[in-house]
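To keep things clear, I will list the structure first and then write my remarks on it.
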Amino acid sequence: MDKFSSLKMFVQVVESGGFAAAARDTGASRSQTNKLVIALEDQLGVQLLNRTTRSVSTTAAGLAFYERVQGILSDLSEAESAIQEKGEEPMGSLRINAPMSFGTLHLGPAIADFMTMYPQLKVQLELSDRFIDPVSEGFDITVRIAEPIENLSLVDHTIVEAKRLICASPEFLATYGHPESIKDLASLPCLHYGTLPAGSVWKLASEDGQFRDTPVNGVLCSNNAEVLRDAALRGLGFALLPTFIAGSHLQSGRLVSVLSQYRAPPIHLCLIYPPNRHLSSRTRRFVEFMYDRFGDLPHWDLVD
């Protein structure tokens, strides 16, 4: 039998949760569905699925094979869609989820420009700092700023690294002085992203590249970096801030970078979405737009 058809049906059985469901979803007969998967197992000489009267599940080999084949079929479908839709004006709706601060400061204006380029698109932008599951919550694209993650069930486009710097206001530094070592942070006021129980430690690395827990004197904790930025501007302490939030104030001199030889674990601006078999032109155009907009040195990183 055609191996490509067998591969597609195997993936469908896994994703549908069984042979009957896969036959129903594809419009094939139950017999044809079984024959395609059995032919694939015979060709490979490996059992891919555990079958009982009640359920179907992947074997260890089947799961590994599914993850590889799913990506290959998704790439092929994306390539086919790109050719078929080349030159077409994207239309329809696009649901986007993004973090609050990046959304208000940078993504909002970018979305307006994107919609100006493609006036037939309708965009729903939902801003939230809650960690969401883009599949179960029905988003086409999730904009995420976080440490790198491994998730084979999602496509991940890393756009650019989001740098973080320790900074404070000139007025604060005039009062407390410039710290000579990160050990000084244990006794100086610091503004911490997160919760009070975790507000006494920052993870930082020096030239040796090893990240270590650094005790700090957390006097203010918040789950919003703009709150910490505003507190730093008021002279309340040192803050470890992403440059997409602090960049304009570092450029103007209202904030000053200190201890620049120490760095926080890398976080990235990335786009994630499910490996849809029929990736739409509107999704691809948005990915391309985000690379063009933010992929080179972002304007907020034009600081010393």
Side-chain angles (χ1 to χ4, degrees), residues 88-132 134 137-148 154-165 167 169 191 193 222-234 239-255 257 264 266-273 279-304:
E88 291 186 7
E89 181 78 6
M91 59 184 64
S93 61
L94 190 65
R95 293 191 70 219
I96 303 170
N97 173 267
M100 186 68 68
S101 293
F102 184 79
T104 57
L105 293 172
H106 304 289
L107 188 59
I111 291 291
D113 289 342
F114 179 69
M115 294 183 69
T116 300
M117 294 171 60
Y118 303 111
Q120 296 190 65
L121 275 178
K122 296 181 179 179
V123 174
Q124 177 184 336
L125 175 62
E126 184 172 313
L127 302 181
S128 172
D129 290 328
R130 178 175 59 89
F131 194 86
I132 67 131
E137 300 196 35
F139 287 99
D140 297 302
I141 290 188
T142 296
V143 180
R144 188 167 287 173
I145 298 178
E147 295 183 26
L154 295 170
V155 178
D156 184 331
H157 289 281
T158 298
I159 303 299
V160 71
E161 181 178 350
K163 297 178 182 177
R164 288 180 284 179
L165 300 175
C167 53
S169 70
L191 314 170
Y193 185 91
S222 175
N223 66 344
N224 184 276
E226 288 181 272
V227 170
L228 303 179
R229 177 205 61 195
D230 292 344
L233 289 168
R234 292 288 298 273
L240 178 60
L241 295 174
T243 52
F244 72 81
I245 288 177
S248 63
H249 302 288
L250 289 163
Q251 292 165 356
S252 68
R254 294 187 65 201
L255 289 175
S257 173
I267 57 176
H268 294 91
L269 168 63
C270 57
L271 307 179
I272 61 174
Y273 53 84
L279 186 62
S280 67
S281 62
R282 54 186 177 271
T283 301
R284 290 201 316 277
R285 298 291 174 85
F286 184 72
V287 172
E288 294 167 358
F289 172 83
M290 290 291 285
Y291 272 115
D292 291 341
R293 181 83 170 213
F294 301 114
D296 294 326
L297 182 65
H299 62 84
W300 58 72
D301 273 345
L302 299 177
V303 295
D304 295 330

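Within the model, atoms CZ of Arg293 and CD of Glu288 stand 15.5 Å from one another, a figure rounded to the nearest 0.5 Å. Atoms CZ and CG, from Arg254 and Leu233 in turn, are 4.5 Å apart once rounded to the nearest 0.5 Å. In this structure, the separation between CG on Leu241 and NE2 on His249 is 9.5 Å, given to the nearest 0.5 Å. The CD1 atom of Ile96 sits 10.0 Å away from atom CG of Leu127, with the distance rounded to the nearest 0.5 Å. In this structure, CG in Leu269 is found 8.5 Å from CG in Leu107, a value given to the nearest 0.5 Å. The structure places OG of Ser222 at 5.0 Å from CG of Leu228, a figure rounded to the nearest 0.5 Å.
Leu165 has its side chain out of reach of Leu240: every pair of non-hydrogen atoms, C-beta onward, lies at least 4.5 Å apart. Here the side chains of Glu161 and Cys270 are not in contact, with every heavy-atom distance at 4.5 Å or above. Taking the side chain as every heavy atom from C-beta outward, Met290 and Leu271 approach each other to under 4.5 Å. Side-chain contact check for Trp300 versus Lys163: every heavy-atom pair is 4.5 Å or farther apart. Asn224 is not listed as a side-chain neighbour of Tyr193, based on a closest heavy-atom distance of 4.5 Å or more. Side-chain atoms of Ile272 and Ile141, non-hydrogen and from C-beta on, never get closer than 4.5 Å to each other. Using a 4.5 Å heavy-atom cutoff, the side chains of Val160 and Pro298 are in contact. For the pair Tyr273 and Asp140, the minimum side-chain heavy-atom distance is 4.5 Å or more.
Across every non-hydrogen atom of Ser257 and Leu250, the tightest pair is N-CD2, 3.7 Å. Between Ala110 and Phe289, the shortest heavy-atom distance links the atoms O-CZ, 3.2 Å. Minimum interatomic distance between Ala239 and Ala232 (heavy atoms only, all atoms of both residues): CB-CB, 4.2 Å. Here the closest heavy-atom approach between residue Glu226 and residue Ser101 is recorded as OE1-OG, 3.0 Å.
In the displayed structure, Asp292 atom CG is contacted under 6.0 Å by more than 12 heavy atoms of other residues, nucleotides or ligands.
Panel note: side chain Asp129, backbone Pro99; no donor-acceptor pair is recorded below 3.5 Å. No donor-acceptor pair closer than 3.5 Å links the side chain of Arg164 to the backbone N or O of Pro266. Judged purely by atom type and a 3.5 angstrom limit, Arg95 uses its side chain to pair as donor or acceptor with the backbone of Glu137. Counting only distance, with no hydrogens or angles, the side chain of Thr142 and the backbone of Arg144 share no donor-acceptor pair below 3.5 Å.
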Checking Met117 against Asp113 for the side-chain contact (heavy atoms from CB on, under 4.5 Å) test, could you report, in this order, the C-alpha distance in whole Å, the side-chain angles of both residues, the deciding distance, and whether it holds?
CA-CA 6 Å; Met117 294 171 60; Asp113 289 342; 5.5 Å; no
Test Met115 against Val123 for side-chain contact (heavy atoms from CB on, under 4.5 Å), laying out the working first.
CA-CA 8 Å; Met115 294 183 69; Val123 174; 3.8 Å; yes
Should Phe139 and Leu94 be marked as a side-chain contact (heavy atoms from CB on, under 4.5 Å) after you check the CA-CA gap, both sets of side-chain angles, and the distance that decides it?
CA-CA 8 Å; Phe139 287 99; Leu94 190 65; over 6 Å; no
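Ring pair His106/His299: centre-to-centre distance below 6.0 Å. The ring of Phe102 has its center closer than 6.0 angstrom to the ring center of Phe294.
Between Tyr291 and His157, the ring-plane angle classifies as perpendicular under the 30° and 60° cut-offs.
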